[in-house]
Q: 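Please see the structure below; I have some questions.
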Amino acid sequence: MKNKGFTTRLVHADRVINKPQNGAVHQATNNSVLFAFDNAQDLVDVFQGKAAGHVYSRSSSASSVSLQNILCELEEGIGAVTFSTGMAAISATFLSLLRAGDHIIMSQFLFGNTSSLASTLQGLGIQISYVDVTDVQNVAEAMTPETKLVYAETIANPATQVADLSAIGQLCEENKMLFIVDNTMTPANIFSPKSVKASLTIASLTKYVSGHGNVLGGVVIDTGLFDWRVFDNILPIYRSTDTQQWGLTQIKKRGLRDMGATLSPEAAHSISIGLETLALRVERICQNALRLASYLHGHEHVRHVYYPGLANHPQHYIARELFAGYGGIVSIDLVEHIDPLAFLNELNLVLCATHLGDTRTLGLPVAQTIYFENTAAQRAEMGINDNMLRFSVGIEDVDDIVADFEQAFAAL
């Protein structure tokens with residue numbers, strides 16, 4: 001199937017990669033917590049990683065492995081681990097791979113919950129430098145002898161800053177540092193983190209991958225590009241003969257098994273179903289978002305539009321070079337005399353909700369909700385104004401989306 005188109009591969013992925021029994025096109029959902037063995041040595045071999053299999057569903061199940069296989073194939077990786085949420089995937093990765101005294105470099109435009117997690121890491125003795133990742137020079141200047149990794153998102157939420165991913169990847173490769181890319185905003189049909197030399201890809205499967213607002217999930221994928229032999233935080237017990245699997249094994253054991261944020265079989269199945277229409281949904285979303293952003297750009301009631309697809313976006317040319325689409329997030333600053341909450345209340349089609357990547361168009365006030373715990377100074381550093389509204393554009397007919405904004409503006 002490697003020579004087939006993206007959606008063709010997705011539609012047939014479960015059937016071709018996982019080969020379900022009895023001609024099924026989807027892997028059966030297996031809800032068993034325990035797995036019995038006729039021979040005790042077989043149980044021992046699976047426990048010790050000498051044989052493939054499942055011993056306890058907190059660590060693995062046929063349902064989660066099937067989804068991992070599909071996601072790994074899409075990202076051209078060497079292995080994947082799924083989690084119950086995207087934040088669980090991020091937390092498990094950091095807590096599995098880092099120690100007190102380590103230094104990491106992170107984007108100053110981080111998603112709010114990731115930023116909150118970072119403050120927890122600092123409380124555990126991990127040093128963090130927050131930098132403007134739209135310029136690789138800022139990353140280079142923040143490096144220290146203790147720097148273990150660089151963490152960046154492809155397109156920041158909500159102000160849509162685009163990281164200088166290719167240059168950062170090159171810098172990390174030259175300095176033997178992990179490069180972790182959060183690819184939630186730009187799923188596999190519009191961007192491959194491996195193309196910018198990412199070591200690990202992290203994504204919230206809740207968003208564009210599953211796409212219908214009905215299931216939570218997260219994933220970590222190893223691209224196979226990083227030499228784990230130079231990463232001294234790998235514990236001796238996980239330094240097996242297959243050096244490429246060292247990092248992912250430690251994340252599986254210390255992050256998934258020990259911390260327990262397991263993706264349920266039902267969730268894995270739902271995500272696999274949603275995944276089949278990923279390209280169709282994301283292509284439509286990107287088209288709609290560009291149209292909406294173009295409509296809002298220059299509108300008398302809009303002071304600024306944040307969208308990488310607009311030519312005046314500071315990183316438009318980086319985005320045009322990297323991505324096959326500019327994503328589904330369109331944020332705006334309204335003019336000063338318009339109350340952002342009042343404007344949201346006038347929208348009829350757009351749902352006021354905190355989520356993104358859905359089939360429906362969603363909107364919310366940013367400073368008052370998902371960045372409420374940040375100080376005004378912190379929000380300013382992230383490019384977030386008090387009257388900013390974030391919209392996650394859906395797959396509705398775009399004329400209907402634009403018409404909803406038109407009537408809301410007219411009602412003010």
Side-chain angles (χ1 to χ4, degrees), residues 6 9-10 13-14 17-18 27 57-97 111 113-114 117 149 151-154 157 178-194 198-212 214-226 244-245 247-257 259-276 278-279 282 356-357:
F6 188 87
R9 290 163 52 208
L10 272 182
D14 208 351
I17 296 172
N18 297 311
Q27 183 70 261
S57 63
R58 174 163 33 85
S59 298
S60 68
S61 68
S63 300
S64 62
V65 168
S66 295
L67 177 60
Q68 288 166 185
N69 291 341
I70 297 171
L71 295 170
C72 186
E73 175 83 9
L74 292 182
E75 298 279 4
E76 298 180 344
I78 60 167
V81 187
T82 53
F83 292 85
S84 57
T85 67
M87 283 308 305
I90 297 170
S91 302
T93 299
F94 285 146
L95 294 172
S96 299
L97 297 180
F111 168 58
N113 291 141
T114 310
L117 170 64
L149 62 86
Y151 183 91
E153 299 159 340
T154 54
N157 167 23
L178 271 175
F179 182 29
I180 303 179
V181 174
D182 187 322
N183 201 36
T184 300
M185 296 298 187
T186 51
N189 66 306
I190 61 174
F191 178 62
S192 168
K194 191 170 183 176
S199 314
L200 297 174
T201 297
I202 291 181
S204 169
L205 303 176
T206 313
K207 311 301 192 302
Y208 294 100
V209 171
S210 57
H212 296 81
N214 65 337
V215 63
L216 296 168
V219 69
V220 181
I221 300 170
D222 192 322
T223 65
L225 298 180
F226 185 71
Q244 282 193 311
Q245 293 295 326
L248 213 56
T249 298
Q250 186 154 307
I251 293 171
K252 287 178 182 178
K253 299 296 187 181
R254 297 303 167 105
L256 177 61
R257 182 196 65 188
M259 299 177 197
T262 306
L263 184 71
S264 72
E266 296 92 338
H269 180 73
S270 293
I271 293 168
S272 296
I273 300 298
L275 185 59
E276 292 183 354
L278 172 67
V282 172
L356 56 89

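Because the structure is a prediction, the values reported are computed rather than measured.
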Q: Would the distance check show the side chain of R58 and the main-chain N or O of R257 forming a donor-acceptor pair, the cut-off being under 3.5 Å?
A: yes
Q: Show your reasoning for whether side-chain contact (heavy atoms from CB on, under 4.5 Å) applies to I202 and Y151.
A: CA-CA 10 Å; I202 291 181; Y151 183 91; 4.3 Å; yes
Q: Between the main-chain N or O of Q27 and the side-chain N or O of D14, is there a donor-acceptor pair closer than 3.5 Å?
A: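 Checking the backbone N and O of Q27 against the side chain of D14, a donor-acceptor pair under 3.5 Å is found.
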Q: For the residue pair F111 and M87, establish whether any side-chain heavy-atom pair is separated by less than 4.5 Å.
A: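 Yes, their side chains come closer than 4.5 Å.
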Q: Q245 side chain to I78 main-chain N or O, any donor-acceptor pair under 3.5 Å?
A: yes
Q: If you measure from CG on L356 to OG1 on T184, what distance do you get to the nearest 0.5 Å?
A: 8.0 Å
Q: Output the distance between atom CD1 (I180) and atom OG1 (T223), rounded to the nearest 0.5 Å.
A: 11.0 Å
Q: With rounding to the nearest 0.5 angstrom, report the OG1 to CZ distance, T201 to F179.
A: 9.5 Å
Q: How many angstroms lie between atom CD1 of I70 and atom CG of L67, to the nearest 0.5 angstrom?
A: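 I70 atom CD1 to L67 atom CG measures 6.0 Å (nearest 0.5 Å).
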Q: For S60, is there any backbone N or O sitting under 3.5 Å from a side-chain donor or acceptor partner on S64?
A: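 Not confirmed, S64 side chain does not pair with S60 backbone.
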Q: Side-chain contact, heavy-atom cut-off 4.5 Å: L74 with L10?
A: yes
Q: To the nearest 0.5 Å, what is the distance between CG on L149 and CZ on F226?
A: 9.0 Å
Q: Are any non-hydrogen side-chain atoms of D182 and N157 less than 4.5 angstrom apart?
A: no
Q: Would you say that K194 contacts I221 through its side chain, given a criterion of any heavy-atom pair below 4.5 Å between the two side chains?
A: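 SC-SC contact between K194 and I221 ruled out.
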Q: If you take all heavy atoms of F6 and A279, which pair is closest and at what distance?
A: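 So the minimum-distance heavy-atom pair works out to CD2-CB, 3.7 Å.
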Q: Side chain of Q250, backbone of S96: donor and acceptor closer than 3.5 Å?
A: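 Side chain of Q250 to backbone of S96: a pair is present.
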Q: Working note: N113 + I90, criterion side-chain contact (heavy atoms from CB on, under 4.5 Å); need CA distance, chi angles, decisive distance, verdict.
A: CA-CA 10 Å; N113 291 141; I90 297 170; over 6 Å; no
Q: Taking side chain to side chain donor-acceptor pair (under 3.5 Å) as the cut-off, I'd like each qualifying pair that reaches into residues 67-84, sequence neighbours left out, listed once.
A: K2-E73, N18-N69, Q68-T82
Q: List the steps and the verdict of side-chain contact (heavy atoms from CB on, under 4.5 Å) for D222 and Q244.
A: CA-CA 9 Å; D222 192 322; Q244 282 193 311; over 6 Å; no
Q: Which residue, V219, T262, L256, L205, forms the side chain to side chain contact (heavy atoms under 4.5 Å, CB included) with F83?
A: L256
Q: Mind listing the side-chain donor-acceptor pairs of residues 267-274 below 3.5 Å, one per line with the distance, residues two or more places apart or on another chain?
A:
unit_1: S270; atom_1: OG; unit_2: E266; atom_2: O; d: 3.2
unit_1: S272; atom_1: OG; unit_2: A268; atom_2: O; d: 3.0

Q: Between S63, S66, S57, which is the residue that forms a side chain to side chain contact (heavy atoms under 4.5 Å, CB included) with P265?
A: S63
Q: Can you tell me how far the CG atom of N189 sits from the CG atom of L278, to the nearest 0.5 Å?
A: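 Answer rounded to 0.5 Å: 4.5 Å.
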Q: So do L200 and I251 actually touch side chain to side chain, heavy atoms under 4.5 Å?
A: yes
Q: Run the side chain to side chain contact (heavy atoms under 4.5 Å, CB included) test against L216 and tell me which residues pass, sequence neighbours left out.
A: T85, T206
Q: Which pair of non-hydrogen atoms, one from A80 and one from L248, has the smallest distance, and what is that distance?
A: N-CD2, 3.4 Å
